[in-house]
Amino acid sequence: FEQVKLYTNAFVLQDNKILLGYKKRGLGKDLYNGFGGKVEPGETSAEAAVRELQEEAGITATLRHCGVLFFTVTDIPYAFHVDVYIASEYSGTIIETEEMRPQWFSATQSTSEMDVTPEFLPIPYETMWTDDPFWLPLLIQGRPFVGRVDFGSDNCMQKWWFAEIPSS
Ligand code: 6U4
Ligand code: NA
Ligand code: NA
């Protein structure tokens with residue numbers, strides 16, 4: 001058997017805007033992402049997701065599981081299993097931390113001419129992991145998904161597969 005490392009990634013969605021963080025260090029440095037990190041020994045993925053959101057953005061939220069992402073990277077001898085979570089409300093005050101600079105973005109899909117003066121910038125996909133455009137639109141609509149990406153050593157997507165989980 002190969003090895004898998006468990007990670008979390010949590011997004012806050014409120015009033016048609018989505019909270020992303022600009023990552024200041026570590027994996028995904030200089031990219032916007034949700035808030036998350038490694039699941040530590042003795043905690044569940046859901047517990048880790050709440051803890052990481054608190055550590056990285058200073059807020060507490062009730063999270064709902066919305067997706068699973070599975071990544072392999074050439075020359076990395078383990079795979080990444082990322083549980084993706086969503087929150088529609090939070091408590092506390094959003095703060096910048098050593099790891100993340102939080103920022104709200106517009107979560108509306110339309111580029112309608114009626115949005116003359118958008119209050120928030122659109123989601124900065126060009127400054128995010130390259131897989132995010134495949135599944136973030138589903139997350140924004142609250143539609144559960146799964147996906148797998150195999151990255152080459154240059155971090156470009158070599159092979160991918162995404163699916164929406166049908167609601168029962
Ligand atoms: P430490 O070393 O403890 O600060 P930790 O905060 O535990 O690290 P970190 O920040 O390395 O973990 O977590 C990486 C984050 O990046 C997790 O939220 C998962 C996320 N992630 C990893 N690959 C991703 C990818 N291809 N697309 C994506 N998020 C990814 O959107
Ligand atoms: Na992290
Ligand atoms: Na961590």
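Please read these numbers as outputs of a predicted model, since none were measured by experiment. Numbering of ligands and ligand atoms starts at 1, following listing order.
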Q: Answer yes if the side chains of S45 and Y85 hold a donor-acceptor pair under 3.5 Å, and no otherwise.
A: yes
Q: Name the closest protein heavy atom to atom 12 (O) of ligand 1, giving the residue it belongs to and the distance to 0.1 Å.
A: G37 CA, 3.2 Å
**Q.** No-hydrogen, no-angle side-chain donor-acceptor test under 3.5 Å, Q103 and Y32
**A.** yes
Q. Looking just at side-chain N and O atoms, do T97 and E56 make a donor-acceptor pair shorter than 3.5 Å?
A. no
Q | Top protein contact for atom 1 (P) of ligand 1, by heavy-atom distance | A | K38 NZ, 3.6 Å
Q. Looking at atom 22 (C) of ligand 1, what's its closest protein heavy atom, distance included?
A. W129 CZ2, 4.0 Å
Q. Got a second to check how far T108's OG1 is from D15's CG, nearest 0.5 Å?
A. 12.0 Å
Q: Under 4.0 Å, heavy atoms only, figure out whether ligand 1 is touched by the backbone of M128, its side chain, both or neither.
A: neither
Q.
For the metal site, I want the angle between atom OE2 of E56 and atom O of G36 with the Na ion (ligand 2) at the apex, to 10°.
A. 80°
Q) When you check the gap from the basic side-chain N to the acidic O, do E99 and K24 get nearer than 4.0 Å? A) no
(Q) Run the side chain to side chain donor-acceptor pair (under 3.5 Å) test on N9 and N33 for me, step by step, so that the C-alpha distance in whole Å, both residues' side-chain angles and the decisive distance to 0.1 Å come before the verdict. (A) CA-CA 8 Å; N9 198 354; N33 205 343; 2.9 Å; yes
Q. If you look at E52, which of its N/O/S atoms is nearest to the Na ion (ligand 3)?
A. OE2
Q: Within a distance under 4.0 Å of any heavy atom of D132, pick out the atoms of ligand 1 and give their elements.
A: 27 (N), 28 (C), 31 (O)
Q) What part of N33, side chain from CB on, backbone N/CA/C/O, both or neither, has a heavy atom under 4.0 Å from ligand 1? A) side chain
Q.
Suppose I only count heavy atoms of T8 and a 4.0 Å limit; which atoms of ligand 1 are within that range?
A. 17 (C), 18 (O), 19 (C)
**Q.** Protein residue, atom and distance nearest to atom 4 (O) of ligand 1, heavy-atom basis
**A.** E99 OE1, 3.4 Å
Q | Rounded distance (nearest 0.5 Å) linking atom CG of D83 with atom SG of C66 | A | 11.0 Å
Q.
Can you name the atoms of ligand 1, numbered from 1 with element, that are less than 4.0 Å from a heavy atom of E56?
A. 6 (O)
**Q.** Contacting atoms of ligand 1, where contact means under 4.0 angstrom from a heavy atom of L27
**A.** 11 (O), 14 (C)
Q: Compute the minimum heavy-atom distance from F80 to ligand 1 and say whether it is under 4.0 Å.
A: no
Q. By atom name, which N, O or S atom belonging to E99 lies closest to the Na ion (ligand 2)?
A. OE2
Q. Using the benzene-type ring in the case of Trp, are the ring centres of F105 and F120 under 6.0 Å apart?
A. no
(Q) As an exercise, identify every atom of ligand 1 less than 4.0 angstrom from a heavy atom of F151. (A) 26 (N)
Q. Do V39 and V50 sit in the same hydrophobic cluster, where Ile, Leu, Val, Met, Phe, Trp and Tyr count as joined when their side-chain heavy atoms come under 4.5 Å apart?
A. no
Q. Tell me, which protein residue and heavy-atom name are nearest atom 15 (C) of ligand 1, and how many Å apart are they?
A. G36 O, 4.3 Å
Q. Centroid-to-centroid, F71 to F151, below 6.0 Å?
A. yes
Q. Are any of the N/O atoms in D131 less than 3.5 Å from those in ligand 1?
A. yes
Q | Verdict with reasoning, D150 to T72, per side chain to side chain donor-acceptor pair (under 3.5 Å) | A | CA-CA 5 Å; D150 297 333; T72 69; 2.6 Å; yes
Q.
So, 4.0 Å and heavy atoms of E55: is ligand 1 close enough to count as a contact?
A. no
Q. Hey, what's the ring geometry for F145 with W135, parallel, tilted or perpendicular (30° and 60° as the breaks)?
A. parallel
Q: Heavy-atom contacts with K23 under 4.0 Å: which atoms of ligand 1 show up? List them by number with element.
A: 9 (P), 10 (O)
(Q) Heavy-atom distances under 4.0 Å decide this one: backbone, side chain, both or neither, for F71 against ligand 1? (A) side chain
**Q.** Note: R51-E43 ion pair, threshold 4.0 Å (strictly below)
**A.** yes
Q. Less than 3.5 Å between some nitrogen or oxygen of W135 and one of ligand 1, yes or no?
A. no
